[in-house]
Each structure stands twice: as C-alpha cells, then as structure tokens.
Number of protein chains: 2
Amino acid sequence: MSGPTPRSPVPRRPRRHDPGRRDRLIDAALTVIAERGVAGTTHREIARAADVPLGSMTYHFASLDEVLAEAFTRHADSVARVFDERLSAARDRDAAIEAVITLVSDDLLGARQDLVLSVELYVAAARNPALRTVTQAWMARSRQALERHFDATTARELDALIEGLVLHSALSTDPMTPEQIRHAICRHLR
Amino acid sequence: MSGPTPRSPVPRRPRRHDPGRRDRLIDAALTVIAERGVAGTTHREIARAADVPLGSMTYHFASLDEVLAEAFTRHADSVARVFDERLSAARDRDAAIEAVITLVSDDLLGARQDLVLSVELYVAAARNPALRTVTQAWMARSRQALERHFDATTARELDALIEGLVLHSALSTDPMTPEQIRHAICRHLR
DNA sequence: ACACCATACGTACAAGCGTACACATCTCAT
DNA sequence: ATGAGATGTGTACGCTTGTACGTATGGTGT
C-alpha cells in the first residue's frame, strides 16, 4: 500500500544549522590533500569528505585557492607548534639535541600524513605566492626555535638536514631508523 | 571556377616528416612541468610547447602518464649522469668533497629548472608507483656514486643533507651561498 | 510573534580535460 | 612506379572541473 510516507522517501540531508562547518571543511581539505594530493583536491572531493553539499564550498570560500591556503596554514601552524613546544622545554644543548631527534623520529616520520602534506606544500608553494608566504613563515619559525639552543649557522644547517632526512626517508623503500637519525644529527652537531 | 589554389589558403602546418619528434615531445614535457607543474601539464600544453598538433600526442604516447614517466626518467638520468661523472673523476676523498660542493652549488642550485623538476618528481612519485620506481632508481644511483668515496652510512647521510640543502635553498627567500654550502658539507664530513 | 538575514542547498553552465578515431600524407621495399 | 604500412592531423565526444546563483531555512534581536 502506498501509505503516507512517514519518513521522506529520499533521505534528504538533515542537518542545516552547523556552526564550525568552515573549520571542518578545512580539516577535510587537509585529509583530501594527504590522500589525493593537491592535484586531486577539488571542491567536490572536499565536500564529499566533509559530507556537505557542493554549494557549501562556494559559500564559505571565495575560491579553491583560498581553501588550500587556509588548510596549509593550519598544517604549518600545528607542526610549528610542536616544534616550539619540544624545543622550548629543553633546558640545555644536550636536551635540545634529544628533542630534535625525537621530533624527527617520532613526530615527523611517525605521522605519515603530515609528511606527505609537507611535501605537497613545498611544490604548491613553488607555484603559488600565497603558499610561499606560508612556507617561509613556517621555515622562519622552526629556525627561530632552533636558535634558542644553537647559533644561526648551525640552526640553518640543522634545519636543512632535518628536511633532507625527512624527505629522504619518506620516499625511500627502507626508511631510516631512529638510530640512523640520531647518528646523522649527532654527527653534524659534534 | 574557384581557381586552383596553388598554396593552401590557410597556412597549413608545413612539416610532416619529423623523425625524433617523440624525443622533442619529451623535452617539451619537461619544459612544461618546470613552468606549470605536473598539475598544469596537459596534452595540449605539451603539444603547444613543441609546436605540434594535439593528435600527435596520442599517436606517440598511450597516455599522459606515459609522457610523465618518460620525461621524469630522462630528467633523473641526466642529473644522475652528472653526479656519476663528477664523482668518478675525483681521485681521493678531498677531491670527492670538492666535487660534491661543486655539484650542489653549481649544478643543482644553479639550474633552477632542474631543481623544480626534482621537487615535482618527489610529490608525483608519492602518488604514482611508476614514478616512485624512477625516484628510487635515481636515489640508489646517486648514493652508489657517493659510496665510491665514502662509507655507506656517510653516503646516505650526505645524500640526505644534499637533498635538504637543495630543497631548503630552493624555497627560501635568501638562498644559501656557496660558502654556506661548503661549510655545511665540510662540517658533516669533518 | 515575527521579520530579517546569515547560512545552507541544489543545480546549471562554460571551459578545459584525456582520449578516440577517421582521414591525409609520407617513406620505402619491392 | 607503386602499394602497403608507418606516421601525422584535425575534430569530436563524454566527463570533470570551478564557480555562480536562485531558492529554502532557521536562529535571533526586537
């Protein structure tokens, strides 16, 4: 019997009021970037990941570039914050060295998603001026954190070494072990 | 009558027989990747850069992925060859160190295009298995070249350091000077 | 209670994409 | 010289994309 349909036959999207949706969209964007790369990141893909309609994207963001910029800013901030915390907690140079080793071994190499995000940001920044600003602010901040314990030259070299170790490990078939990371860093600072 | 048109009224593309076109297309692809990034690399863009009709792309390559793979293979080969040459010419460890410094300062940081291409390859490889093979072969080859003069551990660390220095310099507002490069490398090998 | 308006939604559209394919033209073994 | 096969060309098609926009809805100040 074609009785009265007590529930709508096609389950219409129920949620209307959704404060903080913009934030969720930025998070969803980061997920999509990590999974599909910047090239595979589209309005539709982000909307799907956040389970919101397509129209919601154009309401909250003026363009796709704006989404990317906000997403990468959030990513850079969160990585930089960990950097700051770990290093400002170190009381002396030796503790700082340990902090750096932990940082690379656990925080950077451990979080596969963050790692991919960083490399994606690097190349996106090469083409997009807005993102280059984000990258440079991030680099400046991490270098500054290192300069709490090391002189400027050492800080810069260490920053580059870390970058190389992380990237190298990320793409290699056999990632470097924590012991190898420790060896490389201690050798440079010795 | 519509008299005999001695020359085609619209200046048709004149060149037909063009051996080696495939090679030129791969070179054009590298140019486009360097200028617009992998994301901005399309059949049409490559064809335009090489000044050939669109149809030529599908004749010479089965897919766009095939073009990318061939292009990156060529790029990796040419960089690796320079690596090999420079290092095999070095007679002792000191000469090898000088070779590495020259390599980074001049060959890698000097050629802005190659540098961008390398980073593009890194992220493309993160997503495309065929390209990951290319990257890994390249890394293995450069590490092997370093192992002519340094032990395995040092070679790997040096490889990572180089990667970091290059990437860091590429994205920074103030690129590292040759003296700074020399300092960083010598410090690690000291 | 009620009107306002920020927010949410669905859909449409032009542009650009990869690819396919029929047809034109050239080279070369015979 | 000539036919066959390799190579080159132009165009069309189906699809996805970013973005725009008219309409619906519900929280909030009054």
Side-chain angles (χ1 to χ4, degrees), chain A residues 7-29 32-33 35-72 120 124 127-128 130-131, chain B residues 4-29 32-33 35-72 124 127-128 130-131:
Chain A
R7 308 242 171 177
S8 53
V10 173
R12 290 280 169 173
R13 207 177 288 273
R15 85 187 70 83
R16 295 286 314 215
H17 181 52
D18 182 8
R21 168 175 292 195
R22 197 171 190 278
D23 271 354
R24 287 201 305 113
L25 286 178
I26 295 175
D27 283 337
V32 173
I33 294 170
E35 278 177 3
R36 320 251 187 195
V38 170
T41 300
T42 66
H43 276 140
R44 287 168 177 81
E45 207 67 41
I46 297 170
R48 200 172 305 137
D51 191 33
V52 302
L54 173 62
S56 198
M57 294 301 298
T58 51
Y59 175 74
H60 286 286
F61 305 95
S63 72
L64 190 56
D65 269 354
E66 185 179 315
V67 188
L68 291 180
E70 298 241 19
F72 277 125
E120 289 284 347
R127 222 74 58 180
N128 184 330
L131 296 182
Chain B
T5 52
R7 307 247 170 172
S8 52
V10 174
R12 292 277 170 175
R13 208 177 287 273
R15 84 188 70 85
R16 295 287 313 215
H17 180 53
D18 182 8
R21 168 174 294 195
R22 199 170 190 280
D23 270 354
R24 288 200 306 112
L25 287 178
I26 294 175
D27 283 337
V32 173
I33 294 170
E35 279 177 2
R36 319 249 188 196
V38 170
T41 299
T42 66
H43 277 139
R44 286 167 177 83
E45 207 68 40
I46 298 170
R48 199 172 305 139
D51 190 33
V52 301
L54 172 62
S56 197
M57 294 301 300
T58 49
Y59 175 73
H60 286 287
F61 304 95
S63 72
L64 189 57
D65 270 353
E66 185 179 314
V67 189
L68 291 179
E70 299 241 17
F72 278 126
R127 223 74 58 179
N128 184 330
L131 296 182

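Letters A, B, ... mirror the listed sequences (proteins, then strands); counts begin at 1. Source: prediction; values computed, not measured.
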Without decimals, in angstroms, what is the distance between [X] [atom1] and [N] [atom2]?
| X | N | atom1 | atom2 | result |
| --- | --- | --- | --- | --- |
| A:L25 | C:dC9 | CG | P | 10 Å |
| B:R36 | C:dG16 | CZ | C1' | 14 Å |
| B:L64 | C:dA20 | CG | P | 13 Å |
| B:M57 | C:dT19 | CE | P | 10 Å |
| A:E66 | D:dG18 | CD | P | 14 Å |
| B:D65 | C:dG18 | CG | P | 11 Å |
| B:R22 | D:dG8 | CZ | C1' | 15 Å |
| B:L54 | C:dA20 | CG | C1' | 11 Å |

Establish, with yes or no, whether the OP1 or OP2 oxygen of D:dT9 is under 4.0 angstrom from a side-chain nitrogen or oxygen of B:R21. yes
Closest of C:dC17, D:dT9, D:dT17 to the B:R44 side chain is C:dC17
Of the candidates D:dA12, D:dT9, D:dT19, the side chain of A:H43 sits closest to D:dT19
Separation between CZ (A:R22) and OG (A:S56), nearest 0.5 Å, reads 11.0 Å
**Asked** Any donor-acceptor pair under 3.5 Å linking the side chain of A:T58 with the backbone of A:G55?
**Response** yes
Check nucleotides 5-7 of chain C against the protein and report each pair of N or O atoms closer than 3.5 Å, with its distance, or say if there are none.
{"from": "C:dT7", "atom 1": "OP2", "to": "A:Y59", "atom 2": "OH", "distance (Å)": "2.8"}
{"from": "C:dT7", "atom 1": "O5'", "to": "A:Y59", "atom 2": "OH", "distance (Å)": "3.0"}

message = In the structure I gave you, are the side-chain heavy atoms of A:E120 and A:F72 within less than 4.5 Å of one another anywhere?
response = yes
